[in-house]
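The figures that follow rest on heavy atoms only: side chains count, while hydrogens, waters and symmetry mates do not. Every chain is numbered from 1 and lettered A, B, ... according to where its sequence line falls, protein lines coming before strand lines. These numbers come from a predicted model, not from an experiment.
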There are 2 protein chains.
Amino acid sequence: MADNRGISAALVRLSFLVQRLYAQVCGRHDLSPAQAQLMCVIKDQPRGMTELTHMLGLERPGLTGLVDRIERRGLLRRETTRHDRRAVMVALTPRGKEITEAFFAEVTDNLQRVVAHLPADDQRQFEDTAFSIILTEHVPAIFGDPEAPAADPTRQESQ
Amino acid sequence: MADNRGISAALVRLSFLVQRLYAQVCGRHDLSPAQAQLMCVIKDQPRGMTELTHMLGLERPGLTGLVDRIERRGLLRRETTRHDRRAVMVALTPRGKEITEAFFAEVTDNLQRVVAHLPADDQRQFEDTAFSIILTEHVPAIFGDPEAPAADPTRQESQ
DNA sequence: TATTGTTATACTCTATAACTATA
DNA sequence: TATAGTTATAGAGTATAACAATA
């Protein structure tokens, strides 16, 4: 009875595996998962607080605290804008960027190991299906692929 | 350049999607993700604290607190054993079981919706690949499929 | 002595409500 | 008035260290 109820359990358990592995790598870099996630999001470009709020699915105050803690460790900076003096752009410091690149590479490496036992065809097909889901569901680019220009749901060109 | 770096991002973002959806359903049932996860693990059978610690990847004190909070809400009970008076078995109360079943069904339903747009063949193949990964990596059955007898890493038959 | 849990403590994460400054 | 962020507050989650009871 291989009905498709199994696909839900597969997704939940796969997610559990990824989270666990992600957290392990975080530990090695002395980051919390939330910190690492934010840092990956701004890895290749600074972002505004509100935009980050949407990408990470957090409320404003939660993000403020998260940014505070990372900033306190010298891994990112808050920069101000000339157009809107209320707005804040969050950018990695050189040291933050360094750590993020290393973290990113290690997660990537670990996840590749996890699928390494699969035939190349299966890997390709799995990736295609996963991306089909991700795109359909508009999952934000929280694990930075530099290629993707960043979809910002906030987009509303000034005013 | 569709190199296989993409599969890591796919896994991380897919995991993010699942977590987000999981958290949303949690909210509707007034549960935290950690609480729901524990409840799903003991949905079909009571478990010992140490065993839960392994399945959920928590330290003992964290689990104690988690169990405390769920117990305080009347959704589970700590039961004692006759063999070992130190040991505690954690079991759902009828009300806890009710809530867990509803939660479980809703998550399952939501995740099925997420893959509904895919051809049946792709769904099957995706599920197969996911399970291949899960089994290879020994991911615990944290989203209870009653069929699976529960792999307990603690297993050491009294001695 | 080793194991099962718990208590004490500390920090991160995150939400809601209320506030400040700017638009 | 609406928007961008922050501050205040509270509770959940989780780790480490120290402790209690039982094996």
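B:D84 meets the side chain to side chain contact (heavy atoms under 4.5 Å, CB included) test with B:R86, B:A87; sequence neighbours excluded. Every residue two or more places apart in sequence or in another chain that forms a side chain to side chain contact (heavy atoms under 4.5 Å, CB included) with A:A36 is listed here: A:Y22, A:C26, A:L31, A:F103. Looking at residues two or more places apart in sequence or on another chain, you find no side chain to side chain contact (heavy atoms under 4.5 Å, CB included) involving B:R85. Listed by chain and number, the residues in a side-chain hydrogen bond (donor to acceptor under 3.5 Å, both in side chains) with B:E106 are B:R28, B:H29 (sequence neighbours excluded).
Salt bridge present: A:D109 and A:R113 bring a charged side-chain N and a carboxylate O closer than 4.0 Å. Here A:E71 does not pair with A:R77 in a salt bridge; the nearest charged N to carboxylate O distance is not below 4.0 Å.
Rounded to an integer number of Å, the gap from A:L52 CG to D:dA4 C1' is 13 Å. Distance CG (B:D30) to C1' (D:dG11): 13 Å, rounded to an integer number of Å. Regarding B:D68, its CG atom lies at a distance of 11 Å from the C1' atom of C:dG5, rounded to whole Å. One atom, CG of A:L38, and another, C1' of C:dT14, lie 14 Å apart when rounded to the nearest Å. Nucleotide D:dG5 holds its C1' atom 15 Å from the CD atom of A:E51, rounded to whole Å.
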Could you run down the sub-3.5 Å N/O contacts of the protein with nucleotides 21-23 of chain C?
residue : atom : partner : partner atom : Å
C:dT22  : O2   : A:R86   : NH1          : 3.1
C:dA23  : OP1  : A:R85   : N            : 2.9
C:dA23  : OP2  : A:R85   : NH2          : 3.4

Using atom names, set out every protein N or O paired with an N or O of nucleotides 13-17 of chain D below 3.5 Å, distance rounded to 0.1 Å.
residue : atom : partner : partner atom : Å
D:dG13  : OP1  : B:S32   : OG           : 2.1
D:dG13  : OP2  : B:R69   : NE           : 2.5
D:dG13  : OP2  : B:R69   : NH2          : 2.9
D:dA15  : OP2  : B:E59   : N            : 3.0

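The phosphate of D:dG5 (OP1 or OP2) has a side-chain N or O of A:T50 nearer than 4.0 angstrom. When the side-chain nitrogen and oxygen atoms of B:T64 are compared with OP1 and OP2 of C:dT7, none of them lie within a distance under 4.0 Å.
Separating the CD atom in B:Q125 from the CD atom in A:Q125 is a distance of 3.5 Å, to the nearest 0.5 Å.
No hydrogens or angles considered: a donor-acceptor pair under 3.5 Å links the side chains of A:Q19 and B:S15.
Judged by closest nucleotide on DNA chain D, A:V67 is the one of A:V67 and B:R72 placed further toward the 5' end.
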